[in-house]
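What follows is a short report on a single structure.
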Amino acid sequence: MTPLKSDFVRVLQERGFIHQTTSLEGLDEACAKGPITAYIGFDATASSLHVGSLVQIMMLRWLQKTGHRPIVLMGGGTTKVGDPSGKDTQRSMLTVAQIDANIAGIKQAFEPFLTFGDSPADACMSNNADWLDRLGYVDFLRDYGVHFTINRMLTFESVKLRLDREQPLTFLEFNYMLMQAVDFLELNRRHGCSLQMGGSDQWGNIINGVELCRRVDGKEVFGLTTPLITTASGAKMGKTADGAVWLNADRLAPYDYWQFWRNTEDGDVGRFLRLFTDLPLDEIARLEALSGAEINEAKKVLANEATTLLHGRGAADQAAAAAKAAFEEGRTSGDMPSIKLEACEPVNAALILAGFAASKSEARRLARQGGVKVNDLTVDDVDQPLSNFAVNAEGVIKVAAGKKKIVLVRTLG
């Protein structure tokens, strides 16, 4: 392969971001000639993004760090329809007020990673409701529907998945891929945007946008997707037994975010350091080569660096100190997650409220397996009240599930 000319494409390739491109050589050439503008779209289906979106955010970060301009496209319009990609069923319909509130929450996730402003290399945030909401349906079909064939659309994975599983695909959702293609055309016209990036499940939607720009305006633009990020054990990135790993601090505390990265599987440490931190590749190679108990030091570096990017160095240091106090020194820290309960409530109530168990029966089963500790002592009876246990000098009772989950309980009454 011809050596890459642009810093941006080379960084993405070296760090493992690239799955598919419409033209790697053409994109590399364009990036080498001068700054380009690229975008990634994010639908507003929740009030925060989760860590599954972090690989996309990091690509925008590297785009800006290598001298190019990122656009964060909020799906104020497309969220009203719902992307069928990778979904077995139609998403629930959100109101305009819910979508606007979600966009306000999602914006918080980008500020630590990108520099927004009005200079040529500053990131900007757009909302596709600005143009999609103004499209008259007949005009939309006349101007853009003519460029898409049903035959081609039926070949896309997002459509085939539903049809193969005999799950309904509404006509509303079928229009989503046309709407996303219009996004690329509009951003190209408004901002000179020449690259759309996204996850591998977006390949069909991205191709539609690339082709629409060529057919309508005769413009050459590019598409790039990332691989599906799974863990070494095959689980989907960002999904845990406790639910999504949210990026907003009001949805997930920095301590819990730090713990998520600290608990990375051994086989994922090097790959996650390349994808989710700014560390130089030679330092990552050194950390990746560690083995045995030493790999835990690499996991701490990963947790510190990833948490610093999102929440700041101070929050990362506090989380690391709290984890050290809890797991290495047996102490408690005010930075650990805490809950409040009446002293007469049973231990299983603390496990359920903290999210360590889904029900009383699950809490009892965890205890029978030796997985519950109160004040560092194994407890097999989780039906007994919290008042049976003494509070420490900080006025809390420490409840642990397994080796990695701790909550501080402040009793009332």
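In what follows, every heavy atom counts, from backbone to side chain, and hydrogens, waters and symmetry copies are set aside.
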With [X], which residues qualify under side chain to side chain donor-acceptor pair (under 3.5 Å), at least two apart?
X: Asn348; answer: Asp383
X: Glu283; answer: Arg286
X: Glu345; answer: none
X: Asp133; answer: Lys80

*asked:* Quick one, Arg189 and Lys219 - any side-chain contact, counting heavy atoms below 4.5 Å?
replied: no
*Taking the side chain as C-beta and beyond, is there a heavy-atom pair between Val379 and Phe389 under 4.5 Å?*
yes
Can you sort out the partners of [X] under side chain to side chain contact (heavy atoms under 4.5 Å, CB included), two or more places apart, ordered by chain and number?
X: Thr21; answer: Ile18, Leu24, Leu224
X: Leu353; answer: Ile339, Leu341
X: Thr225; answer: His19, Gln20, Trp203, Ile206

*Can a donor-acceptor pair be found between the side chains of Gln56 and Thr226 at a distance below 3.5 Å?*
yes
*Got a sec, which pairs hit salt bridge (Lys or Arg N to Asp or Glu O under 4.0 Å) with one end in residues 257-266, sequence neighbours left out?*
Asp266-Lys299
*asked:* Does anything in residues 8-36 form a salt bridge (Lys or Arg N to Asp or Glu O under 4.0 Å)? List the pairs, not counting sequence neighbours.
replied: Lys5-Glu29, Asp7-Arg10
*Sort and list the pairs that fulfil side-chain hydrogen bond (donor to acceptor under 3.5 Å, both in side chains) and have at least one residue in residues 60-75, not counting sequence neighbours.*
Arg61-Asp278
*Could you pull out all residues at least two apart from Asp381 that satisfy salt bridge (charged side-chain N to carboxylate O under 4.0 Å, His left out)?*
none
*Residue list, ring-ring contact (aromatic ring centres under 6.0 Å, His included) with Tyr39, at least two apart or on another chain*: Phe184
*Can you say whether the rings of Phe276 and Trp261 are parallel (under 30°), tilted (30 to 60°) or perpendicular (over 60°)?*
tilted
